[in-house]
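For the numbers below, each heavy atom of this structure counts, side chains included, while hydrogens, waters and symmetry mates do not. We number each residue from 1, following the sequence as shown.
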Amino acid sequence: MDLGELRQGIDEIDGQIVALYEKRMEISRQVAEFKISTGKKVFDRAREEEKIKAVKAMTHNAFNSHGIQELFEQIMSMSRKLQYQMLAEKGSLGRLPFIGVDALETKAARVVFQGAEGAYSQAAMETYFGDEVNSFHVDSFRDAMSAIDEGSADFAVLPIENSTAGIVSEIYDLLVEFENYIVGEQIIRIEHCLLGLPGASEDAVKTVFSHPQSLLQSARYLAGKDWKQISMPNNAFAAEKVAQEGDRSQAAIASAYAGKVYGLTTLRRGINQSESNSTRFIIVTNQKIYQKSADKISICFELPHQSGSLYHMLSHFIYNNLNMTKIESRPIEDRNWEYRFFIDFEGNLADSAVKNALRGLREEARNMKILGNY
């Protein structure tokens, strides 16, 4: 047989596969109708594992056994997605435990941020809520989450990601631990400045204070300068220290905003290497609400440490035509080699495609949690 005849044979077989696939999906539709009428769950892990084992046994070599497993995992995955879609059409998906609101009630809100007066978090807060916001600050991210969890604050402003340094892993872990939810975000451009006392000069500096990350981000500027570099918990504390000690040989690397708060002079602007350095802050509350205009959703879920598990979860976004914009993973405490995945994707909790995807993820992943729609 020549290549053309071989390809013709494949085309004929492919036609049969398509016909059989459509026949199988029609039966899956009938199965879905039965499950809808009886309230039976779509995902039956034991049944699928039994099916995979049976079809693998029908093959004649190891290569085909592995291939048929992949094929039937996909077929059964498509069957489940069809059933989730039918559940949505029948109104059987149930309502998500989040309430859509026209706007956040921020006028009389009390807002907490981490760090000292003059921190980038405070700048982000005032950009989002306005200069007249009723606010207070705490020492740690956990203290901020506890404040809204206990009701002493209505919202918290927390840094979750920097464009050069990456994610703030502690915030991801706290979002899982606390029943608090993201309702907004604010991106702040990070411009580190060298701050000194009024009348001080750059040439007279001998000691510089800042957060370790800010010192690192300003390494190119600091190179060759015989200055003592001292790490501080955050940049605002560094600016506060310089202001309080009154020593003109001391300087802080912090924001111009911090300089304004503590009455310092900007000796040099933009000393960090990256001109596009930005930090994304999230606005968090203890209420399960979202703005009706929200277009980004954050979720997390756990997966077993086994081949293909993440791929099958991500297929729910592909099938429902949802654009995933970010994925991060964090190790699960006390469970070696198992991970919790954090995903951002475009959408609104009122969208049917989003509901379909979340229903599938909730059924098939472990401990899926909606972190917020904003």
(request) Would you please test L87 and I36 for side chain to side chain contact (heavy atoms under 4.5 Å, CB included) and show each step? (result) CA-CA 7 Å; L87 284 167; I36 291 169; 3.4 Å; yes
(request) Answer with yes or no whether the side chains of N162 and N277 bring together a donor and an acceptor at under 3.5 Å. (result) yes
(message) Tell me the closest heavy-atom pair linking N64 and N61, and the distance in Å.
(response) N-OD1, 2.7 Å
(request) Give a yes or no on this: more than 12 heavy atoms of other residues, nucleotides or ligands lie within 6.0 Å of atom CG of D139. (result) no
(request) Would you sort out whether I13 and Q8 count as a side chain to side chain contact (heavy atoms under 4.5 Å, CB included), showing the intermediate values? (result) CA-CA 9 Å; I13 294 169; Q8 184 178 350; over 6 Å; no
Side-chain polar contacts of residues 251-269 - donor-acceptor pairs under 3.5 angstrom, sequence neighbours left out - could you list them?
residue: S255; atom: OG; partner: Y257; partner atom: N; Å: 3.4
residue: S255; atom: OG; partner: A258; partner atom: N; Å: 3.0
residue: Y257; atom: OH; partner: E126; partner atom: OE1; Å: 3.1
residue: Y257; atom: OH; partner: E126; partner atom: OE2; Å: 2.9
residue: Y262; atom: OH; partner: E117; partner atom: O; Å: 2.5
residue: R268; atom: NE; partner: E202; partner atom: OE1; Å: 3.2
residue: R268; atom: NE; partner: E202; partner atom: OE2; Å: 2.9
residue: R268; atom: NH2; partner: E202; partner atom: OE1; Å: 3.1
residue: R269; atom: NH2; partner: E191; partner atom: OE1; Å: 3.0

(request) Give a yes or no on whether R29 atom CZ has more than 12 heavy-atom contacts from other residues, nucleotides or ligands under 6.0 Å away. (result) no
(request) Could you tell me whether a side-chain N or O of N234 sits under 3.5 Å from a main-chain N or O of A236, the two making a donor and an acceptor? (result) yes
(message) Can you give me the closest heavy-atom contact between T285 and V183, atom names plus distance?
(response) CG2-CG1, 3.6 Å
(message) Has N348 got a side-chain atom pairing as donor or acceptor with D295's backbone, closer than 3.5 angstrom?
(response) no
(request) Under the side chain to side chain donor-acceptor pair (under 3.5 Å) rule, what do D143 and S140 come out as? Steps first, then yes or no, please. (result) CA-CA 5 Å; D143 290 342; S140 70; 3.1 Å; yes
(request) Please report the shortest heavy-atom distance between L303 and A365, naming the atom on each side. (result) CD2-CB, 4.5 Å
(request) Taking atom types as modelled, find out whether S298 and Y374 have a side-chain donor-acceptor pair closer than 3.5 angstrom. (result) yes
(request) Check L197 against V242 and note the closest heavy-atom contact, atom names and distance. (result) CD2-O, 3.6 Å
(request) Let me see the working for E364 and R45 under salt bridge (Lys or Arg N to Asp or Glu O under 4.0 Å), right down to the final yes or no. (result) CA-CA 9 Å; E364 297 172 25; R45 188 182 300 275; over 6 Å; no
(request) For residues A124 and V157, report the shortest heavy-atom separation together with the two atoms involved. (result) CB-CG1, 4.2 Å
(message) Set out, in order, the CA-CA distance, both residues' side-chain angles and the distance that settles side chain to side chain contact (heavy atoms under 4.5 Å, CB included) for N320 and V354, then state yes or no.
(response) CA-CA 7 Å; N320 288 288; V354 169; over 6 Å; no
(message) Would you say that S231 contacts F209 through its side chain, given a criterion of any heavy-atom pair below 4.5 Å between the two side chains?
(response) no
(message) Using a 6.0 Å cut-off, check whether atom CD of E177 has over 12 heavy atoms from anything other than its own residue.
(response) yes
(message) Could you check whether E12 pairs with R7 (Lys NZ or Arg NE/NH1/NH2 to Asp/Glu carboxylate O, under 4.0 Å)?
(response) no
(message) Could you work out, with ring pair (Phe, Tyr, Trp, His ring centres under 6.0 Å) as the rule, every residue matching F155, not counting sequence neighbours?
(response) F129
(message) If you compare all heavy atoms of A116 against all heavy atoms of F237, which two are closest, and at what distance to 0.1 Å?
(response) CB-CE2, 3.4 Å
(message) For the NZ atom on K51, are there more than 12 heavy atoms of other groups (residues, nucleotides or ligands in this structure) within a distance under 6.0 Å?
(response) no
(message) Is it true that, when you exclude K326 itself, more than 12 heavy atoms of the residues, nucleotides or ligands shown sit nearer than 6.0 Å to its NZ?
(response) yes
(request) Could you tell me whether the side chains of S79 and Q83 share a donor-acceptor contact shorter than 3.5 Å? (result) yes
(request) Test side chain to side chain contact (heavy atoms under 4.5 Å, CB included) on V101 and K292 and set out the steps. (result) CA-CA 6 Å; V101 297; K292 293 176 181 178; 5.9 Å; no
(request) For the pair R142 and E170, find out whether any cationic side-chain nitrogen is under 4.0 Å from an anionic carboxylate oxygen. (result) no
(request) Compare all side-chain heavy atoms of I332 with those of E302 and state whether any distance is below 4.5 angstrom. (result) yes
(request) On the 0 to 90° scale, with breaks at 30° and 60°, tag the W227-Y221 ring pair as parallel, tilted or perpendicular. (result) perpendicular
(message) Looking only at side-chain N and O atoms, does E70 offer a donor or acceptor that is under 3.5 Å from a partner on Q74?
(response) no
(request) Answer yes or no on whether K369 is positioned over the face of F342, meaning its NZ or CZ is under 6.0 Å from the six-membered ring centre and within 45° of the axis. (result) no
(message) Less than 4.5 Å apart, side chain to side chain, heavy atoms only: is that true for S315 and K81?
(response) yes
(request) Indicate, with yes or no, if the rings of F345 and F317 have centres closer together than 6.0 Å. (result) yes
(request) May I ask you to decide if R24's main-chain N or O and S28's side chain share a donor-acceptor pair within less than 3.5 Å? (result) yes
(message) Is it the case that atom CZ in R335 sees more than 12 heavy atoms from other parts of the structure closer than 6.0 Å?
(response) yes
(request) May I ask you to check whether over 12 heavy atoms, not counting those of Q30, lie within 6.0 Å of atom CD? (result) yes
(message) Is it true that S214 and N235 share a donor-acceptor pair across their side chains at a distance under 3.5 Å?
(response) yes
(request) Answer yes or no: does atom NZ of K107 have more than 12 heavy-atom neighbours from other residues, nucleotides or ligands under 6.0 Å? (result) no
(message) Between D203 and S201, do the side chains contain a donor N or O and an acceptor N or O under 3.5 Å apart?
(response) no
(request) Using the salt bridge (Lys or Arg N to Asp or Glu O under 4.0 Å) rule, take K241 and E245 through it: C-alpha gap first, then chi angles, then the decisive distance, then the call. (result) CA-CA 6 Å; K241 182 176 178 64; E245 297 196 355; 2.5 Å; yes
